[in-house]
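Some notes on the structure that comes next.
Not measured: the values here are computed from a predicted model. Reckoned from all heavy atoms, side chains included, excluding hydrogens, waters and symmetry mates.
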Amino acid sequence: MKALSFNLSGKFAHFKKPDVNSYAYFTYSHIHKIALLGIIGAILGLEGYKRDLKDYPEFYEKLKDFKISIIPKKPYFSKKMIYFNNSVGYASREEGGNLIVREQWLEKPQWEILILENETEEFKELKNRLFKKEFAFIPYLGKNDHFAKIENIKEIEFKRGEKDLVCVSLIPKNKAVLKKHPRFGEQFFYSEFLPVALKKKFLIYEYEEMILSSWIVECKDENYFEYNNENLYFI
Amino acid sequence: MIKDIINNLDIDFEKAIIDNYQLKDGLYVKINERFEFFIYKKPKKDDKEKGLKDLKGNIRIEEYKWFAKRDYLSSYLNSNKAIDPPAKKIHSNNYLTLFAKAKEFNDENKSHFISKLYDGLKDFHIFTKREEKKIIESFKDYIFSENRQKDIENKKKKFLEIFDEIKEKKSLIKDNEYIKIFFDEDIKKYEKEANIYFVLKIFNKIETIKEIEGEIYGLSDFNMGLNAKKPYLTHKTRGFELPFMVKKDEVFLLKKLFDLLKYQNKPIDIAADKDKNGIFVVKHSKNDQAEITEFDILIKGNRLNQSFVYRYFLENKEEEEIKTYNSLFELIDKTLYNGTLKNNLFGDVYNKLAKELQNLIYLTRDAMLLIKKGDLKPLFVINKKYTDRFIEFYLRQNREDKAKEILNLELSLLNYQGDNMDIKKSLKEMENKIVSLEELSEDEFFILAGQIIRYLLNQSEKKDKRADMIEPFLRASKVKKLKQEIETLYFNYKHKIPLNFQKFNNALALVEGFGGDKVKKDKLLVGILSDNIFYKKDEK
């Protein structure tokens, strides 16, 4: 099996959680599939969300069947609450026209992203553009305040998973059977409800609980792949 | 995020809410065959239950839960969701209760209460929107049942009977405290009545109810607002502008979570387990509702990978072993911040603290918070950058014991990172060099300078040695300046130094002979705070 691989990083990132807005906007701890498809869409020059509502925006329509794997370089990126003003005038119609914004940002996040090879035109185009570094739009991490750094672009080959190994990528909780802990190394367990799909027409997120842990995970379906003596999962 | 919190709180929400439920101050009336009056005033120290008294002044703890359960069910969601807009005088949501401010209990409002509460909720005709009518239609068998209709008439009559008596008792409480009337009915009945109100009002706006793929969704109303004056609260670019839709059967769980948070006084801090993540939630209260101000997912257990050893480098004391992130945090809070950090992790730092300490808290607290989350790297950076400022702060306050503790902590942290420093050994080596007048290394120079300063300062016969005596040395940033200050100090106290005190004379000569530029303050502080070599008798 082949996949495109690149390193995705930045100084900061903010992947907005839509569930609260009264005090601050919080961020997911890691990039999620939809934000990632958005970045790929930006590279390819596909259309994003628009004010007139169609079934799906172009990027999602064309890329939603891509199989991707998100491998965090660190299980935890520190988060910090950032305060700033939006004083453009139309941001707030209250007196003074100043909108105070609080946002939680991730600090120095870094992931390795794998995109499984497929037959679509989009994939060919993506490969082409990645290697030539010709991006249609500037990719960013959740907000255009945070430029994305894409580097170390390569094509890698690996095989289907056969053994129970540590899974270094995000994996849906219900797909992971925890077997045991490796004898060495630090223990950690991350899980969070992350967006995995968009609802048609309304474009609200559908969620799935994803985990990342130091456990050895049972390799039990065809979405597992072995690479560098570790397991990966494609979502 | 909300789902992550709900998933992580492995408790019976309803029980926890009632256990922590806080009644508001006011007059409570329980109506069955007789009328019973109670006055609740939140006690300052005691358990909240002890605040409930009858009119004779007897404490009635046993009634607290009865009221708490019914009060919780019957309160309106917020003032925008009162059942009697635009007056918003009734703060309850069903005809079994009437909550209103004491000042509203007058003859003018009597008819208001009757028409909005009893007549209004008899057939829910006060709810006129299309979506509301649809919901009421689905409850119609219950709402228009003969029993219920009769019951409402009965309650109305009773209310009219008791109204004047309540009006008289109004003087027992303050004007803007509550009068709350409860009919003595089974909790099930309360649930049924309140449920109709909640279904009507629980979403942010009833107009936001949408059917998505066969299921009913509505805009969440918890920590979520669409203030028309802040256009960016809606998702302007997505097409569908409502930010967060909740399923009809999940929205009640959200309500329970925020009700639970409301009575939570401390941050929720659950460390991760082997196969479970932890969470960290901080909230404050806004308009009588909980608002989440800080959230994070914790991925490490509380146990440190490698225990931290707090060594007493300056004294001969047994070292302490620290095994968890939380106790490390506590040690640091106690040592560096005098225990003030815990309560000043968020928001404005308490302004009665010393200015310098306030500044230091602002500069360092984010890194300290990360200790609780299992990330020690920022702590190490802060240790190198700021601990000397803490030491200086306490030295200026004339708290040498505290300064020593911090120096111990600083060195222990460096030690934890693998950077060893053995003060006793380096003092010993330095002493040998002094005797033989060998050249000093840069580090040794500053330690020795610190020792000399300390020794000279001790010669002062002032009864109460003031912290500003040390000030010029803390301020000196250039070696030249430091040497000048030492000279001045020496001339002040040289009459007290024995003529043939060879060790001291050598040391002074070595220090005078050193050429350097910038002062290494950390080493200087080590010299000031560690055992003074000039007091030691020469071993023979």
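Atom OG of S22(A) is separated from atom CD of E291(B) by 3.5 Å, given to the nearest 0.5 angstrom. Here the OG1-CZ distance, from T293(B) to F26(A), works out to 6.5 Å after rounding to the nearest 0.5 Å. Atom CG in D4(B) sits 5.0 Å away from atom CD in E192(A) (nearest 0.5 Å). Taking CZ of F189(A) as the reference point, atom CG of N277(B) lies at 7.0 Å (rounded to 0.5 Å).
Judged purely by distance below 3.5 Å, without hydrogens or angles, the side chains of S78(A) and D375(B) never pair a donor atom with an acceptor atom.
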Might you work through the side chain to side chain contact (heavy atoms under 4.5 Å, CB included) test for M224(B) and V20(A), ending with a clear yes or no? CA-CA 5 Å; M224(B) 168 67 67; V20(A) 299; 5.6 Å; no

I'd like to know whether K200(A) forms a salt bridge (Lys or Arg N to Asp or Glu O under 4.0 Å) with E213(B), so could you lay out the CA-CA distance, the side-chain angles of the two residues, the decisive distance to 0.1 Å, and finally the verdict. CA-CA 9 Å; K200(A) 229 180 196 169; E213(B) 292 174 0; over 6 Å; no

Residues E209(A), K3(B); criterion salt bridge (Lys or Arg N to Asp or Glu O under 4.0 Å); working and verdict: CA-CA 10 Å; E209(A) 191 173 7; K3(B) 222 169 170 186; over 6 Å; no

Go through it in stages, so that I can follow the logic: the residues are F193(A) and I2(B), the test is side chain to side chain contact (heavy atoms under 4.5 Å, CB included), and I'd like the CA-CA distance, side-chain angles, deciding distance and then a yes or no. CA-CA 9 Å; F193(A) 284 88; I2(B) 292 174; over 6 Å; no

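Two residues are said to be in side-chain contact when any heavy atoms from C-beta on lie closer than 4.5 Å; F244(B) and D19(A) meet this criterion. Considering only heavy atoms from C-beta on, I204(A) comes within 4.5 Å of R238(B) through its side chain. In this structure the side chain of Q187(A) never reaches within 4.5 angstrom of the side chain of R303(B), judged on heavy atoms. With a 4.5 Å cut-off on side-chain heavy atoms, Y76(A) and K373(B) count as touching. Under the 4.5 Å side-chain criterion, counting only non-hydrogen atoms from C-beta, F346(B) is not in contact with M81(A).
Between H284(B) and Y23(A), the distance separating the two ring centers is shorter than 6.0 angstrom.
In this structure, chain B has a heavy atom under 4.5 Å from the backbone of K50(A), while its side chain stays farther away. Interface remark: S213(A) contributes no atoms to any contact with chain B (heavy atom separation under 4.5 Å). Proximity to chain B (any heavy atom under 4.5 Å) is restricted, for Y207(A), to the side chain, taken from C-beta onward. Proximity to chain B is limited to the side chain of L178(A), based on heavy atoms less than 4.5 angstrom apart. Proximity to chain B is limited to the side chain of L99(A), based on heavy atoms less than 4.5 angstrom apart. For chain B, the nearby parts of Y90(A) are the backbone and the side chain; heavy atoms of each come within less than 4.5 Å. K80(A) touches chain B through its side chain: at least one heavy atom from C-beta onward sits under 4.5 Å away, while N, CA, C and O do not. For F188(A), the parts lying near chain B are the backbone and the side chain together; criterion is any non-hydrogen pair under 4.5 Å.
Using modelled atom types, one side-chain atom of N21(A) and one backbone atom of G225(B) make a donor-acceptor pair closer than 3.5 Å.
Residue K236(B) comes nearest to R51(A) through the heavy atom pair O-NE, 3.5 Å, listed as atom of the first residue, atom of the second, then distance.
The local environment of NZ in K248(B) is sparse, with at most 12 non-hydrogen atoms from other residues, nucleotides or ligands closer than 6.0 Å.
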